[in-house]
Amino acid sequence: MNTFYITTPIYYVNGEPHAGHAYTTIVSDVLARYHRVKGDQVFFLTGVDEHGANVHKVAENAGLAPQEYCDKMTPIFTELWERLNISHDIFLRTTSDMHKRGAKKFLTALYDSGDVYKAPYEGYYCRPCERFVPEKELTDEKICPIHKLPLEWIEEENYFFRLSKYQDRLLAHIHENPLFIYPESRRNELLSVLDSGLEDISISRSSVSWGISLPFDPEHIVYVWIEALMNYMTALGYETDNERYHTFWPANVHMMAKDITRFHALIWPAMLMAIDLPLPKQIVAHGWLTKDGEALSKTRGIVIDMDTDIETYGLDAFRYYLLREFSFGNDGDYRPTRLHERYNADLANDLGNLLNRVLGLLNKNFDGIPAPTTPGEFDDEVKEMAQTTVDKLDEHIKAFAFDSALETIWEFVRRVNRYVQQTEVWTLAKPETKPRMGTILYNSLEALRFVSVLISPFIPETAEKIQKQIGLTEFDTVSDWGRLPIDLKVSKGEPIFPRIDLKKEKAPQPKAAKPKQKSKETNLISFADFQKLDLRIGNIISAEPIEGADRLLKLQVDLGTEKRQVVAGIAEHYKPDALIGKQVIVVVNLEPATIRNVESHGMILAASGDTVVLASPETEVPLGTQVK
RNA sequence: GCCGGUGUAGCUCAGUGGUAGAGCACACGACUCAUAAUCGUGCUGUCCGGAGUUCGACUCUCCGCACCGGCACCA
C-alpha cells in the first residue's frame, strides 16, 4: 500500500485565519481525500505555530499570558477547519509536549552534526526602533537617522546554522529532481536565489523567552521559524511514535502559499541534509487570493467574507469555486459574482439538475433501480468516458491542476446530460421500450455514482448527498463501472443545489462593520492621555512629491503662529496641487522624524481605510485653532 | 526606486514555432423527464504596442506601454 503524507504550514496564531489559510488547507484536504479514495494510507497534518516574539507581544497587549492567549486563538483555527470540512489526521500545536520533545531531539541532532556554531552578532542598536541600524544608514556620528539619538554598540551571542555549506548539494538536488519545487516559476526563483549565494542563518534568539530552549544551551530560544519547520517531523512522532514516523517520513507534499517557499525549499532541506534524513518529495506553492483585483489586507478592509458566501451558497459551493476557478500556482481573484455564476451553471444546472431529472424519471416509472438488461446506442460511449475521466483526473491531480480536474469531471457530467437527451428516455415509458428505459436510467445513475466518487475529494458533502439519494447506505468509493446494485430504493430527489436568483441579494454589500475594532477595555486611554495630544488647524501652503518614495508628500503647513514641514503618506490618494489651500488637522507635538531624508515636524490626520481621506474642519476656522 | 507577475472572444481564463480555444454571457432552434433546466447551432478576436530571430511568431529575444503584487517608504 502506498503512503501519502501531506502537510499544510502550521499557521501563526498572532492573528485570525483568513481565506488564504482556508485555501491552502482546502487544497491539501483535496489531495488527502483523493489519496484516501485511491486506497493510499494517508496522513494529513495541519496545525498552529504558537511560539515567538510576535505571539508574546500580541498576548501581552491583550493582557494575557502567552499560553492563555494561544489557548484562546487555537480553537478559532480548529473550528474553522471543522466548518470547512477539513479531514486532517492531526492538528499540531507547537506548545504540545509531542512537538517540544521532537524539536529537542531534532535540535540535538543538528548540533551534533557540527553545523551549528556560536557567533557574536554585533552592531549599532537603536532602542526606540528596536533594531540594528544597517551599515548603509550609519553616519559618522553614529546616531539613529530616525530618532537622532546616539546608538548603542551591542554584541549578542547567537547560534548559527551553516546553511552556506549546503548550497551545492541543494542546487544538485533541485536539478536532479525537477518536481522538487513546484510550480516551475517558484523553482526558477529559488534557483536564482541559490545562484546569488546562501549565508549562514541565525537559529536562536536570546532576547526572546516564549519558545523552546536549545537543548545544548538553555539560555537561548530557537528562532521560531526554525522551530516551525521541525513540526513536519514532530507531528508524526519523530521522538514519540517511532512507527508512525517511519511509516510516513519523508513527506510527499509540503503545501503552502508562495511567500514561504524559501524556508521550505532551501533551509528545511539543508537542515535535513545536515542530520542525514530523507528530504520531502515536493515543496508545492500556490498563489495568493485577491479580492476584486486587490490584495487581501486586513488593515485596508479587503477581506473575503467566507462566512457570508458559505451561508449563501453552502460550503461545497465555496470549495468548488476556489478549486474550479483558480489556476493553481497563480494568484486568483475572488469574486462573489463568479461564485454565484459557478453555483448556478455548474452545480445547480449541470449536476444538481441531472441528478434530479434522473431520479424523477426513476420514481415515476420504476420501483427501485432496474437492471440494465437492454444495451443500446451511446451506452458504451458513456461507459468509456467514465473510465477515461478517472485517468485524466489522476493526471491533473498529480499536476495540482484542480481546475482542470473539475473541468474534466464536468465534461462527463455534461456528457451524461447529453446521454439522457440523445436517448430521449422520457419517451420510453411504453411497455415495449421500458426495459431500454430502465437500462438508460441505470447507466445514468451509475454515472452519477461515478461522479460522486470523483468529486468526493473536492466536495465531499455533495458526494454523500448524491449517494444517499441514489439509495446507497454506505459511501462507495470504488470507481469501476457497474457497481451500482439494482433494486436500491432511490429517494424522491430534493435538489442538492437549488438555483439561487441574484435579484434578492443584489444589495447586501453594505456590511457596515469595517475592520472590527476590538473595543477591549484594556485599550481605553485616560482623558489625561488624550490631552497630551496637541491638535491644531493648519493650512497647506505647498506640497511636493519626495523623490524615490511612492507614497510620500512633503507639505508646508501654516499654523498661524508658525509654518511647519510635514511628511505625509498620502501621495497615492492626493495630487500635490489639489492639497494647496486645504485646512487640515495637524498633530503639532509629535516628535520630529526624518523620513527619506526629509524632516517631518508633525502629522496630518486622515481617515485611512480602503481609501485615505484627509480630516479637516467642517467650515473654515482661524489657523492654529486647537482641536479637542 | 528595486524585484516579480500579468496583458488571448463581452466576462473568467486555457493554449501551441505552422490556418486561434473552453466555460459563462448572448442569439436562434429542438425538447418538455428536470431546479425558467437540458440538448443542438451560431457569434465576436490587430492573441497589449514596436523591433528582431525564423521559410513562418499569439508562441522565442529585445525595447516600450498598461495593470497587478512584493520590498523600501506610510510619524
With nearest nucleotide decided by heavy atoms, which residue, A/Leu351 or A/Asn417, maps closer to the 5′ end of RNA chain B? A/Leu351

How is A/Gln422 classified with respect to the nucleic acid when contacts are heavy atoms under 4.0 Å: base, sugar-phosphate, or nothing? nothing

Taking only the side-chain heavy atoms of A/Asn349 (C-beta and beyond), determine which of B/U12, B/U38, B/U35 contains the nearest atom. B/U38

Centroid-centroid distance, A/Tyr343 to A/Phe497, less than 6.0 Å: yes

Thinking salt bridges, do A/Arg414 and A/Asp346 make one under a 4.0 Å N-O criterion? no

Which is true for A/Glu424 with a 4.0 Å heavy-atom rule: it touches a base, it touches only sugar-phosphate, or it touches nothing? nothing

Between B/C73, B/U35, B/C39, which nucleotide has the shortest distance from any of its atoms to the side chain of A/Arg551? B/C73

Report the distance from atom CG of A/Asn365 to atom C1' of B/U32, rounded to the nearest whole Å. 15 Å

For A/Asn356, which contact category applies under a 4.0 Å heavy-atom criterion: base, sugar-phosphate, or nothing? base

Under 4.0 angstrom, heavy atoms only, what part of the nucleic acid is A/Leu552 near: base, sugar-phosphate, or nothing? sugar-phosphate

Find which nucleotide of RNA chain B each of A/Asp403 and A/Gly360 is nearest to by heavy atoms, and output the residue with the more 5' nucleotide. A/Asp403

Given B/U38, B/U35, B/C11, identify the nucleotide with an atom nearest to the side chain of A/Arg338. B/C11

May I have the distance from A/Trp426 (atom CH2) to B/C39 (atom C1'), rounded to whole angstrom? 8 Å

Aromatic contact between A/Tyr320 and A/Trp410, with the criterion being ring centroids under 6.0 Å apart: yes or no? yes

Across the strands shown, which category fits A/Ala568 at heavy-atom distances under 4.0 angstrom: base, sugar-phosphate, nothing? sugar-phosphate

Given B/A30, B/A22, B/C74, which nucleotide is nearest the side-chain atoms of A/Gln421? B/A30

Could you tell me the separation between the CG atom of A/Leu354 and the P atom of B/C31, rounded to a whole number of Å? 21 Å

Quick one: does A/Thr408's side chain have a donor or acceptor within less than 3.5 Å of a partner on A/Leu393's backbone? no

Side-chain heavy-atom pair A/Val27, A/His286 within 4.5 angstrom cut-off: no

Base paired to B/U35 (Watson-Crick or G-U; both N/O distances under 3.5 angstrom): none

In whole Å, I'd like the distance from the CG atom of A/Leu428 to the C1' atom of B/C31. 14 Å

Indicate, with a heavy-atom threshold strictly under 4.0 Å, whether A/Val587 touches base, sugar-phosphate, or nothing. nothing

Within 45° of the ring axis of A/Phe378 and under 6.0 Å from its six-membered ring centre, is that where the NZ or CZ of A/Lys383 lies? no

Among the nucleotides B/C33, B/U35, B/C24, whichever has the atom closest to the side chain of A/Pro495 is B/U35

NA contact type, A/Asn353, heavy-atom cut-off 4.0 Å: base, sugar-phosphate, or nothing? base

Using both distances under 3.5 Å as the test, list the Watson-Crick or G-U wobble partner of B/C71, or none. B/G1

Length of the CD1-C1' vector between A/Ile440 and B/C39, whole Å: 15 Å

What's A/Asp346 touching, base or sugar-phosphate or nothing? Going by heavy atoms closer than 4.0 Å. nothing

Rounding to the closest angstrom, what is the interatomic distance between B/C28 and B/G21 at atom P? 26 Å

